[in-house]
Structure formats: C-alpha cells, structure tokens
Number of protein chains: 2
Amino acid sequence: MPKVGGRVGIGDVAAAAGVSTTTVSHVLSGNRPVRASTRAQVEAAIRQLGYRPDPSARSLRIQRTENVALVVPDITNPFFPQLAAGMQDILHPEGYLISVSDAALPVRSLDAVVQHLLDRRMDGIVMAPHFATSVHHTRIAESGAKLIRLSGSVDDGLGDIVRSDDAAGVASVVHHLVERGYRRIAFINGEETAEPGRLRIAGYRLGLSEAGLAYDSRLVHTGTFTRDGGMTGAEALLRGDARPDAIVCANDLIAVGAMDALRRRGLSIPGDIALTGYDDIEAAALLSPSLTTVHNPAREIGRSCARLLLDRLADGYDGPPRDVVLPNRLIPRESS
Amino acid sequence: MPKVGGRVGIGDVAAAAGVSTTTVSHVLSGNRPVRASTRAQVEAAIRQLGYRPDPSARSLRIQRTENVALVVPDITNPFFPQLAAGMQDILHPEGYLISVSDAALPVRSLDAVVQHLLDRRMDGIVMAPHFATSVHHTRIAESGAKLIRLSGSVDDGLGDIVRSDDAAGVASVVHHLVERGYRRIAFINGEETAEPGRLRIAGYRLGLSEAGLAYDSRLVHTGTFTRDGGMTGAEALLRGDARPDAIVCANDLIAVGAMDALRRRGLSIPGDIALTGYDDIEAAALLSPSLTTVHNPAREIGRSCARLLLDRLADGYDGPPRDVVLPNRLIPRESS
DNA sequence: CTGAAAGCGCTTACAG
DNA sequence: CTGAAAGCGCTTACAG
C-alpha cells in the first residue's frame with residue numbers, strides 16, 4: 001500500500017521487492033538485463049504500490065525534458081490546430097507532451113515566447129510563425145533544442161523543414177480548369193511580399209505554361225489575402241478588357257470576396273465564371289455553390305514535423321537538416 | 001563568462017558574486033530580504049553569466065511543475081483553439097506552460113490522456129471533453145492537480161466550472177426576432193441527449209415565454225447538430241401545417257442546412273423567412289446572406305479558467321468550487 | 001542579513 | 001546479474 005502522506009518513490013519499490021533502486025531503475029528502463037524472476041518481483045511491487053516515476057527527477061538527471069513545443073502565429077487560424085493534432089498523433093504515444101504557444105503580436109512577442117521555451121528547456125521546437133527570423137532560429141539551435149520550421153531554406157543548417165508544395169497545388173487547380181474547358185483563366189493574388197503570395201502566383205504561371213496557355217498580365221490582379229481583396233480583384237477583372245471565364249484565387253477568403261462580386265453582377269458560378277480558392281477552410285464546403293479549392297495537408301505536416309523531431313530526439317539521428325515537401329490535394333466542388 | 005561545456009548553475013553565480021547559493025536563490029525568489037548591495041552583485045553575476053534557472057531542478061524541489069494542461073475532445077473544432085488562446089493570455093505572463101491534449105476518440109482514449117497528464121504531474125487540468133466522467137474528475141482531484149471543467153455541477157466538490165449561458169443566448173435570439181416583428185418562430189434542435197441540445201431548447205422556450213408567445217410543438221424539430229439535420233428539419237417545418245416566419249437553429253451548421261433547404265424552395269432570407277444560428281463559426285460571416293448567430297465567448301471562457309486556476313495555484317485559494325457563468329453575445333447579421 | 005547542508009527522486013558510471 | 005553511491009540543480013529549514 002502507498003505510504004501515508006508521501007509519494008511512492010523508486011526506493012519504496014526497491015524495499016518492497018527486496019532489491020536495490022538500481023535494479024528497479026533498470027527494470028523500468030530496460031537499459032540492462034535483469035533476471036526474469038527479479039524483474040517479476042519488481043513489477044509486482046510497482047503494480048501493488050501504484051508507483052509512477054517522477055518526471056522532474058528524471059529530467060534533472062538525464063538533462064532532457066521530453067517536452068516539445070509548437071509555436072504558431074495565431075492558434076485561431078484553423079491550419080495550426082490541425083498541425084498540432086498531427087504532431088500529437090505521433091508524439092503522444094511516445095510519451096512526449098506538446099506545449100502550444102501562440103506568438104500573436106502584439107500581445108506576445110516572438111522573442112519572449114522563444115526565450116520562455118528555452119528557459120523551460122524544451123527538447124524540440126516546431127516554429128510555424130512566418131515572421132520568425134534567423135536570430136530566433138539560431139538561438140534555438142544554439143540552446144541545443146532541435147528545430148523544425150515550416151518554411152525557409154535548409155542551407156543555414158539550423159534545422160529540418162517541412163512544407164507543402166503550394167506552387168504545385170495552384171498548378172493542379174489550373175490543370176483542373178483547363179480539363180473542364182476553361183481557357184481564359186484569371187488569378188487574384190494576396191500580398192506578393194508574403195511567401196504564399198510568391199509561391200501561389202508561381203504555381204499559376206507554372207500551370208498555364210504546362211497547359212500551353214500564354215500568361216496575360218491583364219488577367220492577374222494583386223491585392224490582399226482578404227475577402228475585400230477578392231471583391232476588389234474580381235471587380236477589376238470584370239471591368240477589364242480581357243474578360244476571364246475562370247478565376248483562380250490565392251486563398252479561400254479571396255474567393256469568398258470574388259463570389260460576392262460575381263453575385264452582385266448577377267453572374268452564375270460556374271455557369272458564367274468558374275471560381276476556385278486555396279486552403280480549404282471550413283466555409284469552403286458550406287458556401288453555395290461550394291468552393292473548389294486545395295487542401296493544405298496540415299495534419300500530415302504536423303505528423304512529419306513530429307517524425308523528424310523523434311528521429312533526432314529518440315533515434316539519435318544527427319545528420320544534416322532535411323527538407324520534406326508534401327503534396328497538396330485538389331478538392332473539386334460545385335464552383336468549377 | 002559561461003563555463004565551457006556545462007550549464008551555468010546557481011553555484012557559478014554564487015561564486016562569481018562571492019555569496020552563498022542560498023542568497024542567490026533568495027535574490028531570485030524574493031523569499032527573504034537581501035541587502036541591496038548584495039542583491040546588486042548577484043544580479044550583475046546573473047546577467048554576466050547569462051544564468052537561467054533549471055525548471056526540472058526547481059520542480060523536483062518544490063514538488064510542482066508549473067505546467068497546466070488543456071484537454072479537448074477535438075482541437076480541430078474552432079471553439080477549443082480560442083479557449084487555448086484565452087488561457088495563454090493569462091497563464092503565459094505568469095510563466096506557466098500550457099500543454100494541449102486532444103482526446104479524440106478512438107485514437108486516444110480519455111483514460112490514457114488523463115493518466116499521461118497525471119504522470120507528468122500537471123499542476124492544473126482544464127477538462128473540456130463532454131464525455132469526461134466523474135471517474136476522470138475524481139482521479140484528477142485525488143492526484144492533487146487542480147481541476148476546471150466546462151460543464152457539470154459544482155456539487156461534487158471536484159473543481160471549478162466555467163461555462164457560457166446557452167439558454168440565455170438562445171433566448172436573446174428569440175427576443176431579437178420578436179423585436180424585428182417575427183411571431184411564428186420555429187426551432188431546429190440537435191441531439192437532445194447532449195447538454196447543448198437541452199440548454200438550447202430550454203432557451204428557446206424561455207425566450208418565447210418571456211415574449212408572451214405560446215410554445216407550439218409543431219414549430220419544433222429535433223434532429224442532429226449537422227448540416228443534414230438542418231436540411232431535414234427545415235423541410236419538415238416547411239411541409240408542416242404551421243408555417244414559420246423565422247427559424248432559430250441550435251447551431252450554425254444546422255442553419256447552413258436550413259439555408260440550403262430554403263434556397264432550394266426559392267424562399268428568400270430574411271424576406272420570406274428569417275434564419276439564425278448559434279456558435280458563430282467562421283462560415284457564419286462568409287455566407288450570403290451572412291448569418292445572425294450567437295458568439296460563444298470561448299476566449300473569455302479560457303481566460304476565466306486560467307484565472308480560477310491561478311487563484312488556486314499561485315494565490316493559495318482553497319475554498320469551495322466556483323461556478324462561473326459568462327454571457328453570450330448576439331451577432332445580428334443579414335439573415336434576420 | 002547571510003550561510004552550510006540536507007534532500008527532492010531519479011540514472012548511471014563504477015565495482016563486483 | 002546486481003548494488004552502493006555520486007550527483008543532476010535547485011529550495012528551505014535550521015542556525016547564527
């Protein structure tokens with residue numbers, strides 16, 4: 001029975017089983033062979049006493065916390081919970097705990113969040129914020145924590161990268177539209193200063209050229225990744241002298257805004273103009289018509305991050321940073 | 001300068017400042033007065049050596065981890081990330097780390113998740129899963145971890161409760177419709193076996209009676225909390241002999257399904273029939289017409305949970321469980 | 001106002 | 001195959 005008024009420790013187990021704490025420890029860890037009969041006695045004592053190892057004591061001794069952190073720019077953006085769920089799929093069964101930190105400016109600065117996590121001696125950190133700089137990455141790497149990022153280049157040697165192939169995703173939308181018979185395919189982009197903006201317009205151009213279609217700058221409008229951006233963009237395209245028969249939007253929010261504009265003009269989707277988005281937010285399936293889009297494999301990205309981390313944390317991988325690129329999936333719906 | 005090849009510990013600081021580790025510790029904690037000049041020397045040494053306390057050593061000594069866990073049934077449901085963000089608003093500045101665990105069946109059983117968190121010696125646990133039983137709550141409370149729940153009764157003495165007032169929320173929707181001139185107000189519910197189902201229909205009846213309107217069972221349809229449920233429910237109401245002029249839905253997904261059904265019949269919203277939802281999911285604002293709904297104060301709930309936890313963890317509150325009820329906010333939009 | 005020392009509960013080199 | 005003992009880096013009663 002458990003001691004009154006005190007946690008049962010490895011010493012209690014040892015006493016109950018008539019062995020040393022050393023042996024108890026080795027039964028638990030499997031780090032060295034233990035005679036079967038001894039092991040059985042120890043295991044019986046553990047069960048009987050309800051012994052549970054103390055993680056702080058273990059961490060102090062082994063100099064690892066077996067804690068992993070996920071830093072996101074905005075936990076409220078549905079992409080990130082999916083990422084977290086994917087990480088849990090892999091790391092939970094291995095006994096790792098995942099702390100999620102939202103570095104939402106201006107409430108919490110990324111500097112402070114990173115410092116906090118390093119102070120807490122996280123074994124691994126997955127950095128999702130797009131505004132993270134090499135300063136942050138360097139600080140993490142120097143602290144000894146393993147680093148995984150969602151964008152950037154592997155050349156700095158600071159850690160592994162996992163990402164999805166946005167350009168290929170947009171290109172697959174273009175192919176889908178071409179197959180459906182559309183030829184005058186327009187593109188409404190968000191900010192081109194952002195990485196997604198650059199990658200997605202590149203995908204649009206790639207898709208066109210693969211389909212043998214010419215790039216026509218009159219069919220391209222650059223704005224913001226918002227509903228307003230989509231409305232403005234669609235109106236500009238409809239007023240222009242090169243009228244599109246399909247509009248590819250750089251994200252779903254832009255597509256919602258474009259849908260507003262088309263509806264106001266009395267145009268039918270996809271009858272008069274086809275429309276596509278990117279991201280597959282929840283609303284994409286709920287709109288009428290439902291929106292053709294590309295599903296970002298957030299959960300899969302999370303799983304990959306976790307596997308790369310585990311390689312380094314548990315399996316002793318210590319090679320050069322790896323760059324994992326995951327495919328995106330086209331989700332055809334009513335709007336195209 | 002930091003020792004080569006080793007973490008700088010409290011002993012290094014003590015040596016550099018020419019004091020004992022006891023004094024260094026007290027400078028850090030403020031647990032006993034230290035002469036100003038001594039403190040200054042210690043602080044200088046800390047800064048110079050870049051000393052950072054080791055949380056495992058501290059936890060081992062003080063028998064607390066300063067870790068808090070949030071357990072959710074599905075991190076992918078947008079309510080829960082908001083909850084997590086609210087908790088962070090309060091707990092991050094206090095130095096607490098928040099681990100998020102998704103007890104999504106059948107992948108991870110709640111039993112296993114709870115056990116895992118207790119093994120990790122969490123100081124506090126916020127339990128959101130609706131399928132948590134008193135067995136789980138009892139195990140948590142007995143382990144010494146502080147428990148906060150999002151539903152249930154405070155009478156079991158197992159921990160604090162934070163919730164929003166769903167019944168009042170639905171009642172406020174009914175009032176809103178009555179003010180707008182609607183009188184034949186129908187209700188489409190989800191499963192009445194679920195707590196939200198029970199609370200929301202209660203709110204509907206409350207709203208009616210407060211407005212002096214009679215309850216008419218022909219205006220009520222019970223189904224599931226899904227888009228399909230809404231479609232089926234709306235069709236049944238439209239076929240019935242008591243034709244409504246407004247439909248209150250027990251959640252936004254039901255409202256989306258009802259919108260499908262109305263649209264198919266060629267009915268205009270809100271011209272022919274007004275429509276409202278509950279939850280304020282992202283899609284509610286993106287639909288056309290945008291959906292009048294009730295915003296669940298998820299972030300505020302998270303903040304309240306964190307404050308109650310902090311009361312018990314840091315401020316020594318040890319009184320009886322508290323029951324915090326937060327108001328919901330009506331979001332009037334185009335559909336009503 | 002300050003310090004010497006015990007001890008939190010583990011893991012692991014060292015020894016047999 | 002097993003054990004005695006050191007030590008991870010802190011905090012805090014005890015003493016002065």
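In what follows, chains carry the letters A, B, and so on, assigned in the order in which the sequence lines appear, proteins first and then strands, with residues in each chain numbered from 1.
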Participant: State, with a plain yes or no, whether a side-chain heavy atom of B/R322 is found less than 4.5 Å away from one of B/R312.
Facilitator: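 Heavy-atom side-chain distance check passes, below 4.5 Å.
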Participant: If you check every side-chain atom of B/T38, which of D/dT2, D/dT12, C/dT2 has the closest atom?
Facilitator: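 That would be C/dT2.
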Participant: Ignoring backbone atoms, establish whether B/N31 has a side-chain N or O less than 4.0 Å from OP1 or OP2 of D/dT11.
Facilitator: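 No, because none of the side-chain N or O atoms of B/N31 sits under 4.0 Å from OP1 or OP2 of D/dT11.
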Participant: So does A/R139 pair up with A/E142, basic N to acidic O under 4.0 Å?
Facilitator: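 Salt bridge flag = no for A/E142 with A/R139.
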Participant: Can a salt bridge be assigned to the pair A/R7 and A/D12 using a cut-off of 4.0 Å between side-chain N and carboxylate O?
Facilitator: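 A salt bridge is absent here (no side-chain N lies under 4.0 Å from a carboxylate O).
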Participant: Salt-bridge test for A/D54 and B/R120: reply yes if a basic N is under 4.0 Å from a carboxylate O, no otherwise.
Facilitator: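 Result for this pair is no, no salt bridge flagged.
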Participant: If the C1' atom of D/dG16 is compared with that of D/dT12, how far apart are they to the nearest Å?
Facilitator: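 16 Å, rounded to whole Å.
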Participant: Please list residues of residues 15-29 of chain B whose heavy atoms come under 4.0 Å from any atom in DNA chain D, ordered by number; otherwise none.
Facilitator: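 Those residues whose heavy atoms fall under 4.0 Å from DNA chain D, taken from residues 15-29 of chain B in numerical order, are B/T22, B/S25, B/H26.
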Participant: Less than 4.0 angstrom from a charged side-chain N to a carboxylate O is my criterion; do A/D119 and B/R52 meet it?
Facilitator: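 A salt bridge links A/D119 with B/R52.
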Participant: Please list residues of residues 55-68 of chain B whose heavy atoms come under 4.0 Å from any atom in DNA chain C, ordered by number; otherwise none.
Facilitator: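 Output list: B/L60, B/R61, B/Q63.
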Participant: Can you tell me how far P of D/dC1 sits from CZ of A/R39, to the nearest Å?
Facilitator: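 About 9 Å, once rounded to whole Å.
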Participant: Dot-bracket, 5' to 3', for DNA chain C please: Watson-Crick or G-U pairs under 3.5 Å, [ ] where pairs cross earlier ones, | where the partner sits on another strand, dots elsewhere.
Facilitator: |||.||||||||.|||
Participant: What is the separation between atom CG on A/D119 and atom C1' on D/dC10, rounded to the nearest whole Å?
Facilitator: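 Result: 15 Å.
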Participant: B/R32 or B/P53: which one's nearest nucleotide on DNA chain D is closer to the 5' end?
Facilitator: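 On the 5' side of the pair lies B/P53.
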